[in-house]
Protein chains: 2
Amino acid sequence: MAKKLPLSDEALELVARRFAVLAEPMRLRLIQALFDGEKNVNTLVEETGGTQANVSRHLQVLTQAHVLGRRKEGLQVFYAIADPSIYRLCELVCGSLEKQFTKHAEVLGG
Amino acid sequence: MAKKLPLSDEALELVARRFAVLAEPMRLRLIQALFDGEKNVNTLVEETGGTQANVSRHLQVLTQAHVLGRRKEGLQVFYAIADPSIYRLCELVCGSLEKQFTKHAEVLGG
DNA sequence: GACTAATATGAGCATATACGCATATAGTTG
DNA sequence: CAACTATATGCGTATATGCTCATATTAGTC
């Protein structure tokens, strides 16, 4: 069940690509904005403060990576988080960073 | 306890940077090689098939990000995984990718 | 069909970063 | 201290990618 075999080169590239998708602040901002549910592009543009073109591009990247899902409704396009593992991923990274800072703080403080 | 506040711009950059560190196949290969414990640079060079210079650089990136720890012993330098959350991160991403492919396979298969 | 609104995309520029080569540094041994 | 080993780093280059501006596309309204 739990495989511990080393990943193939191809698999490593896929995993790396996955991380790369999450390695942009604007994309993280979009993901965060979608934590409370589906939103259309304009809303996301407003909430993130990005330009329409840029937001659209980033949404495309996230959608192609299957992180987000896309639903068209008339003139508008609604995006939503499609990969639930994103929540955990963000939690994990945030937790890990917090620990790091706590340690840092301890060292600096005492 | 569980904070769901939107992260600040600075925090988002940190998280993004964290993901960026993991967004290189060679670095993932190094991490994977260290799953079974501490190893020195030469061993890692052999096991990953990279050049010494490149491996050394990537190890530096991973160490500065506190993903790896560094221990010097005479002429050799030993690296080891310092951030346990890495295991879960990789598991999560791999699991998510597997699911994706399963779905894909289902669609293609019938 | 003309007009408007919402979203996507092409082109160009600026920046980041991975890689290879050569060389520098740190530590060991004679 | 000279020679050697293990690791790190400076530099140049190639490539990738994010951003902006302008424009294209898609869909609804009169």
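Naming: A, B, ... by sequence-line order, numbering from 1 per chain. Below, each value reflects all heavy atoms present in this structure, side chains not excepted, and no hydrogens, waters or symmetry copies. Worth saying up front: this structure is predicted, and the values here are computed from it rather than measured.
The side-chain heavy atoms of A:Val45 and A:Val41, taken from C-beta on, include a pair separated by under 4.5 Å.
Contact check, B:Lys72 against D:dT7: no side-chain N or O comes under 4.0 Å of OP1 or OP2. Put simply, A:Asn42 has a side-chain N or O that comes within less than 4.0 Å of OP1 or OP2 on C:dT7. Between B:Arg57 and the phosphate of D:dT7, there is no side-chain N or O to OP1/OP2 separation shorter than 4.0 Å. Within the structure, every side-chain polar atom (N or O) of B:His58 is placed at least 4.0 Å from both OP1 and OP2 of C:dT17. The shortest distance between the side-chain N/O atoms of A:Asn54 and the OP1/OP2 oxygens of D:dG18 is not below 4.0 Å. Look at A:Tyr79 and you'll find a side-chain N or O under 4.0 angstrom from OP1 or OP2 of C:dA8. Contact check, B:Gln60 against D:dT9: a side-chain N or O comes under 4.0 Å of OP1 or OP2.
Distance CZ (B:Phe78) to C1' (C:dG27): 14 Å, rounded to an integer number of Å. Rounded to whole Å, the distance from CG on A:Leu30 to P on C:dA8 is 12 Å. Protein atom CE of A:Met26 is 8 Å distant from nucleotide atom P of D:dT20, rounded to whole Å. Computed from coordinates, the B:Leu59 CG to D:dA6 P distance equals 16 Å when rounded to whole Å. Taking atom CD of A:Glu13 as the reference point, atom C1' of D:dT15 lies 14 Å away to the nearest angstrom. Nucleotide D:dT7 holds its C1' atom 14 Å from the CD atom of B:Glu46, rounded to whole Å. A straight line from CZ of A:Arg70 to C1' of D:dT26 spans 10 Å, rounded to a whole angstrom. A:Leu62 has its CG atom 15 Å from the C1' atom of C:dA8, to the nearest Å.
Between the A:Thr48 side chain and the A:Leu44 main chain, a donor and an acceptor come within less than 3.5 Å of each other. No donor-acceptor pair closer than 3.5 Å links the side chain of A:Lys39 to the backbone N or O of A:Phe78. Side chain of B:Gln32 to backbone of A:Leu7: a donor-acceptor contact under 3.5 angstrom is found. No donor-acceptor pair under 3.5 Å is formed between the side chain of A:Arg71 and the backbone N or O of A:Ala80.
Each of B:Ser56 and A:Arg17 was matched to the nucleotide of DNA chain D holding its nearest heavy atom; the match closer to the 5' end belongs to B:Ser56.
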Audit row: A:Glu47, A:Arg29, salt bridge (Lys or Arg N to Asp or Glu O under 4.0 Å) steps and yes/no: CA-CA 9 Å; A:Glu47 291 192 5; A:Arg29 206 172 316 211; over 6 Å; no
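Within 4.0 Å of A:Glu24, counting heavy atoms only, lie sugar-phosphate atoms of the nucleic acid but no base atom. Counting non-hydrogen atoms under 4.0 angstrom, A:Thr51 reaches the backbone sugars and phosphates but no base.
If you check the side chains of A:Asn54 and A:Thr51, you find no donor sitting under 3.5 Å from an acceptor.
Each end of the helix from C:dG1-D:dC30 to C:dG30-D:dC1 gets its own axis, taken as the rotation carrying the C1' atoms of four end pairs onto the next four within a five-pair window, and the two axes meet at 10° to the nearest 10 degrees.
Between A:Ser96 and B:Arg18 the shortest heavy-atom distance is OG-NH2, 2.8 Å.
A donor N or O paired with an acceptor N or O is found under 3.5 Å between the base of C:dA8 and the side-chain atoms of A:Gln52.
Of the candidate nucleotides D:dA8, C:dT7, C:dA26, C:dA26 has the atom nearest to the side chain of B:Leu75.
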